[in-house]
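First up is the structure itself, then whatever we jot down about it.
Numbers restart at 1 for each chain; the letters A, B, ... are given by sequence-line order, proteins then strands. Hydrogens, waters and symmetry mates play no part in the numbers below; they use all other heavy atoms, side chains included.
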Amino acid sequence: MHDIRFIRENPDAFDAALKRRKLTPMASEILEADSNRRSLQAKIQEMQSRRNQTSKEIGALKAKGGDANALIAEVNEIKANMPALENEEAKLADKLDTWLLELPNILDASVPDGDDETQNELIRTIGDLPQFSFTPKDHVALGEGLGQMDFALGAKLAGARFVVLSGQLARLERALATFMLDTHTTEFGYVETLPPALVNSQTMTGTGQLPKFAEDLYRTDDKWLIPTAEVPLTNIVADEIINGAALPLRMTAYTQCFRSEAGSAGRDTRGMIRQHQFSKVEMVSIVHPDQSTEELDRMTSCAEAILQKLELPYRVLKLCSGDTGFSAQQTYDLEVWLPGQDEGRGMYREISSCSNCGPFQARRMKARFRDAETGDTRFLHTLNGSGLAVGRTLIAVLENGQQENGSILLPRALHGYMGTDRLVAKA
RNA sequence: GGAGAGGUGGCAGAGCGGUUGAAUGCACCGGUCUUGAAAACCGGCAAGGGUGAGAGCCCUUCGUGGGUUCAAAUCCCACCCUCUCCGCCA
């Protein structure tokens, strides 16, 4: 959500920000509605003031036993004219709210220009790519070879884009999630949290999924399935005024995530890369505005630590203007190396996305803190990042650890969690 | 699902249809006192918005949305949530 005061004071900067998002300038249109609304508001408030004042006089007069009929008639006269103005004001306020809620966040100055994911900026590449003396298989071949990954069964039970894992692979999912949570809680100070997986519309609006992206979500009668734990975790501070001394707040959660993938028909149809249901360990930080840039680097490094401990090669990209999400000011993507993709030639695929949303979500959520020095309330900054997407991590562990005979050597960090150092086919 | 009770400021907790934006206590901030701290005492302390150079003035908000009334935290209706009991159930 945008700050109308910022637009009033910096209309040109606002339009320039829209332009970076490939949107047409709107500041003058917004400001006209804003100015009309405010003048209506002033008129309405003036009438309300007179109404309140006269009503008090009526009370005082009646207390003395006087005849208040003339004053009552006066109030009725004032009130008769109010609904028309109020309706008009409400319509304008609605229009303004819709704009402010549906326009994407202003990009940070550091975000490179670009149209799409091909123009993201490579920041660093970490780890050595595994070398194979054979053509590496993808996780589908490997998982089915192990007899522990069944897409047909997923389809029977639920439909396309579902899978059933069993045996060691089912345990691997659990091991990865536990390993990630253990790392974030014991090494990085995130508080483990178990939030609802269904949330109401207000919560979905707080983080920016609604009102604009309803078609990407699954819904029940009156609730929505979370597409990421970012939604419930971030909204924990909605409508709150946090004591500034308590910042930063850091939370992590392992949850199932549900996405309709409405815009992705035909993409990534093979395998576990893009499922309607997947699990993810999410990190959320709630910080003082001065700290959010630094916190984004910290959060990104926390996600990277997981990849490093799992001995998975990856690269870090800064998303360009055309690829940065609706609520984000700036985003780092972590892409893991998947040697089995592209016919065994391998490719990098997104496994984490760490974003600083600045005050954008906080303004939607009314999430504030009290500044100890000034005593004022200010909007918090919110950040979220995957740490990591568990399903894609499982894919990476399979494809990077594969042996010619189809067994999988596990990274050392998982041996304790798995009770073994390798995955082998069912007997 | 049924019956009952209740939702008021950061927290606890008063509140008669009319000077109640809301008593009181706690917490918090400032001051007096003290070598320092504590205690005690004094003072301050809701959020959002409009307007104004500013001091200030004004509007809105007592779970949410409607309604009654000249006037609603207070009355009426619907919904949401919490608690207690009963039923059902992982």
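Across the P atoms, B:G63 and B:U8 are found 7 Å apart, a figure rounded to whole Å. B:G6 and B:G13 have their C1' atoms separated by 14 Å, given to the nearest Å. Nucleotides B:G7 and B:A73 place their P atoms 15 Å apart, quoted to the nearest Å. Taking atom C1' in both B:G31 and B:C81, the straight-line distance is 43 Å, to the nearest Å. Remark: the separation of the P atoms in B:C79 and B:A3 is 12 Å, to the nearest Å. Look at the C1' atom in both B:U68 and B:C58: the space between them is 27 Å, to the nearest Å. One P atom belongs to B:C80, the other to B:G65, and the distance between them is 15 Å to the nearest Å.
A:Phe326 meets the side-chain contact (heavy atoms from CB on, under 4.5 Å) test with A:Pro104, A:Lys212, A:Phe213, A:Phe360, A:Arg364; sequence neighbours excluded. With sequence neighbours excluded, the residues forming a side-chain contact (heavy atoms from CB on, under 4.5 Å) with A:Phe162 are A:Ala158, A:His276, A:Gln277, listed by chain and number. Evaluation of the side-chain contact (heavy atoms from CB on, under 4.5 Å) rule for A:Ala13 yields A:Phe6, A:Asn10 as partners, not counting sequence neighbours. Residues forming a side chain to side chain donor-acceptor pair (under 3.5 Å) with A:Ser353 (at least two apart in sequence, or on another chain): A:Asp333.
Across every strand in view, B:G21 sits unpaired, with no contact that passes the Watson-Crick or G-U test at under 3.5 angstrom. Applying the Watson-Crick and G-U wobble criteria (two distances, each under 3.5 Å), B:C57 pairs with B:G50. B:C62 makes up no base pair with any nucleotide shown, lacking Watson-Crick or G-U wobble contacts both under 3.5 Å. B:U74 makes up no base pair with any nucleotide shown, lacking Watson-Crick or G-U wobble contacts both under 3.5 Å. Pairing of B:A27, defined by two Watson-Crick or G-U wobble distances under 3.5 Å, is not identified with any nucleotide. If you check B:A39 for Watson-Crick or wobble pairing at under 3.5 angstrom, you find it has no partner at all. Using Watson-Crick or G-U wobble geometry with both donor-acceptor distances under 3.5 Å, B:G4 finds its partner in B:C83. When Watson-Crick and G-U wobble pairs are counted only if both distances are under 3.5 Å, B:G9 pairs with no nucleotide at all.
With respect to the salt-bridge test (charged N to carboxylate O, under 4.0 angstrom), the residues A:Lys43 and A:Glu88 do not qualify. The existence of a salt bridge linking A:Arg161 and A:Glu261 is excluded, since no basic side-chain nitrogen approaches an acidic carboxylate oxygen closer than 4.0 Å.
Counted by atom type alone, A:Ser285 and A:Glu295 present one or more donor-acceptor pairs between their side chains at under 3.5 Å. Of the N and O atoms on the side chains of A:Lys309 and A:Thr183, not one donor lies less than 3.5 Å from an acceptor on the other residue.
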Check the interface with nucleotides 27-30 of chain B: list each N/O to N/O pair with the protein under 3.5 Å, or write none.
none

Mind listing the N/O atom pairs, protein and nucleotides 17-22 of chain B, below 3.5 Å?
residue : atom : partner : partner atom : Å
B:G18   : N2   : A:Ser55 : O            : 2.8

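The shortest side-chain heavy-atom distance between A:Val397 and A:Leu423 does not fall under the 4.5 Å cut-off. Within the 4.5 Å cutoff, the side chain of A:Met180 has no heavy atoms near those of the A:Tyr254 side chain.
Counting non-hydrogen atoms under 4.0 angstrom, A:Arg5 reaches the backbone sugars and phosphates but no base.
RNA chain B is contacted by no residue of residues 86-95 of chain A, taking any non-hydrogen atom closer than 4.0 Å.
Applying the ring pair (Phe, Tyr, Trp, His ring centres under 6.0 Å) rule to pairs touching residues 81-112 of chain A yields nothing, sequence neighbours excluded. Listed by first and then second residue, the salt bridge (Lys or Arg N to Asp or Glu O under 4.0 Å) pairs involving residues 143-156 of chain A amount to none (not counting sequence neighbours). Residue pairs meeting the ring pair (Phe, Tyr, Trp, His ring centres under 6.0 Å) criterion with at least one member in residues 57-80 of chain A: none, sequence neighbours excluded.
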* Structure fact -> Protein heavy-atom contacts under 4.0 Å, written 5' to 3' over nucleotides 51-69 of chain B as B (base), S (sugar-phosphate only) or - (none), form the string S------BSS---------

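Comparing A:Ile241 and A:Asn76 by the nucleotide of RNA chain B that holds the closest heavy atom to each, the one mapping nearer the 5' end is A:Ile241.
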In residues 49-57 of chain A, what donor-acceptor pairs under 3.5 Å come from side-chain atoms, sequence neighbours left out?
residue : atom : partner : partner atom : Å
A:Asn52 : ND2  : A:Gln48 : O            : 3.4
A:Thr54 : OG1  : A:Arg50 : O            : 2.7
A:Ser55 : OG   : A:Arg51 : O            : 3.1

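When atom types are taken as modelled, the side chain of A:Glu89 and the backbone of A:Leu40 share no donor-acceptor pair closer than 3.5 angstrom.
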